[in-house]
Amino acid sequence: MLMQSALLALGATAVAALQPLEVDGNNFINPKTGNRFQIVGMAYQPGGSAGYDPKKKRDPLSDPDVCMRDAALLQILGVNAIRVYNLNPDLNHDECVSIFNAAGMYMLLDVNSPMPGEALTSFEVYKSYYASYLNRTFAVVEAFKDYPNTLAFFSGNEVIDKEETTEFVPSYVRAVTRDLKNYIKKHSKRAIPVGYSAADVRDVLWDTFNYFTCSLQGDKDDMSKGDLFALNSYSWCGDSSFTESSFDDLVEGFKSTPVPIFFSEFGCNTPSPRIFTEIGSIYGPDMHDVFAGGIVYEYTQEANNYGIVNMTEEGPATLMSDFYSLKEQYAKLDFSKLQSLKPTGSAPKPVSCSAKLITVDGFQSNFTLPVLPPGAAEIIEKGVSPKPKGKLVEITDWKVKFEVKNADGSVIKDLAVKPLADDEVNAPGSNSANLNAGSGSSGSGSSGSNSESSTNGDKENDAAGRGVGAVLALVMGVVAMVAAF
Ligand SMILES: *[C@@H]1O[C@H](CO)[C@@H](O)[C@H](O)[C@H]1NC(C)=O
Ligand SMILES: *[C@@H]1O[C@H](CO)[C@@H](O)[C@H](O)[C@H]1NC(C)=O
Ligand SMILES: *[C@@H]1O[C@H](CO)[C@@H](O)[C@H](O)[C@H]1NC(C)=O
């Protein structure tokens with residue numbers, strides 16, 4: 001008996017784990033090496049928002065067989081992080097997280113969902129800020145805070161989605177950021193960064209950035225200041241360039257950022273198939289001093305046509321041509337150099353919050369944040385009850401159970417996750433399963449079907465309201481083109 005439990009305990013400590021990362025100034029840092037971490041990420045929400053279904057007790061990190069399939073494919077691709085939009089804190093995520101951890105991938109997690117009462121709303125935001133909403137966001141923190149590969153939490157995604165929503169939303173998003181940070185400070189062993197994922201509504205982008213990253217005067221702790229700022233941007237389309245895509249304006253605008261900046265979504269899908277030439281710019285000297293990388297939208301093919309893998313409900317899947325194009329672009333990067341960049345100096349201090357920072361008419365310039373709703377202080381004080389709890393577990397079988405085909409119809413043989421060593425982050429080549437790049441001609445679907453409306457209820461095919469950003473980016477792209485002529 002004794003012997004056996006001693007062995008079990010040993011086994012538990014032998015599970016290889018990624019090094020938890022930290023934010024230092026405007027970088028993600030590996031505290032062991034002092035190196036900056038560049039996010040090479042993938043948006044991961046199989047099934048779209050329907051992949052999160054409280055009635056069916058499922059979310060994207062609850063089915064280990066599916067996670068094994070996807071971690072193997074993402075490992076082959078070369079990504080080192082996933083973004084997951086909609087999670088159910090009451091499900092068990094241990095196996096899936098252990099799989100992604102062993103595959104060398106960090107997780108950036110949204111604490112919200114499209115279900116009623118599970119996110120701040122863009123319209124009449126004050127009606128969506130109450131204790132049981134916050135309780136859910138804290139429960140997501142509880143469920144994931146103990147995993148070493150939890151990299152960050154998003155306090156909101158595109159809640160500011162058009163100019164009209166800038167009047168009241170900013171102070172509420174900043175308040176939720178504050179509440180999450182207070183919760184983490186009180187209940188988590190390590191400081192996990194919290195920040196906002198913004199739609200690239202360029203007109204209000206700089207006010208949004210300043211509103212969330214400025215420092216409240218006289219507030220020593222300043223718990224409401226974002227630890228990072230992330231952008232969902234679709235302005236690089238097709239065979240574009242650093243300047244044509246206006247990514248140069250982003251670098252210029254963010255260059256004195258006090259916090260890490262990265263794309264929380266990118267990958268314009270018009271024209272399609274995609275060629276992903278932005279990878280060279282994002283991870284090259286054009287951008288890597290200012291941007292900590294980015295997250296490609298998105299892994300699975302959904303009705304909005306952004307996928308790189310076409311999966312079936314039952315489990316078998318087929319790679320799409322975009323998968324190979326992206327892989328080819330990653331393969332051109334010098335990953336070991338990219339992941340051993342050092343901070344370029346100390347980060348600029350945050351600017352002081354003041355109405356002077358706000359340049360757009362109608363954008364909230366009041367930095368007095370909403371006070372906690374009734375009942376919430378007690379939850380922060382005592383913790384969520386009952387507390388969901390996550391831990392890494394041992395995985396013994398790394399084989400993928402489902403058949404996965406190349407775009408040309410050939411079956412990928414011996415597909416499996418290759419568990420990496422302690423602290424080893426995934427990179428292209430870690431898992432060199434033989435794909436057959438083939439003709440890559442099975443088409444990635446037609447473009448232009450991203451016609452969802454931007455209303456709150458219509459998120460069937462839309463993980464977290466991201467259709468809005470793409471439509472806006474398209475509109476802005478057209479405006480920019482017209483302006484250029
Ligand atoms: C808070 O969250 C936990 C975990 O999801 C849940 O069990 C509990 O019912 C929630 N409490 C309230 C007051 O909403
Ligand atoms: C600023 O916002 C706070 C909290 O919402 C509110 O109490 C206050 O009246 C607002 N001040 C102005 C000048 O609008
Ligand atoms: C995805 O696979 C289904 C069959 O499972 C097929 O009907 C559909 O056309 C495929 N979609 C794309 C974009 O290849």
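Quantities reported herein were computed from a predicted structural model and do not represent experimental measurements. First listed ligand is number 1; within each ligand, the first listed atom is number 1.
Counting heavy atoms of neighbouring residues, nucleotides and ligands inside a 6.0 Å radius, atom CG of Asp361 does not exceed 12 of them. Heavy atoms from other residues, nucleotides or ligands lying under 6.0 Å from CD of Glu313 number 12 at most. Around CZ of Phe402, the count of heavy atoms belonging to other residues, nucleotides or ligands within 6.0 Å exceeds 12.
Ion pairing of Asp110 with Arg83 is present here, as a side-chain N (NZ or NE/NH1/NH2) and a carboxylate O approach within less than 4.0 Å.
Of the polar atoms of Gln301, none of the N or O atoms is found under 3.5 Å from an N or O of ligand 3, judged by distance alone.
Of all the atoms in ligand 2, the ones that sit under 4.0 Å from a non-hydrogen atom of Asn366 are 1 (C), 2 (O), 3 (C), 8 (C), 10 (C), 11 (N), 12 (C), 14 (O). Of all atoms in ligand 3, listed by their number and element, those nearer than 4.0 Å to a heavy atom of Thr312 are 5 (O).
The aromatic rings of Phe254 and Phe229 sit tilted relative to each other, their planes meeting at an angle between 30° and 60°.
Under 3.5 Å, the side chains of Ser155 and Thr177 contain a donor-acceptor pair of N or O atoms.
The only member of Leu435, Ile76, Asn431 that meets side-chain contact (heavy atoms from CB on, under 4.5 Å) when paired with Leu415 is Ile76.
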Filter the ligand 1-protein atom pairs down to N or O on both sides and distance under 3.5 Å, then list them.
unit_1, atom_1, unit_2, atom_2, d
ligand 1, 2 (O), Asn135, ND2, 2.4
ligand 1, 5 (O), Asp90, OD1, 2.9
ligand 1, 5 (O), Asp90, OD2, 3.2
ligand 1, 11 (N), Asn135, ND2, 2.9
ligand 1, 14 (O), Asn135, ND2, 3.1

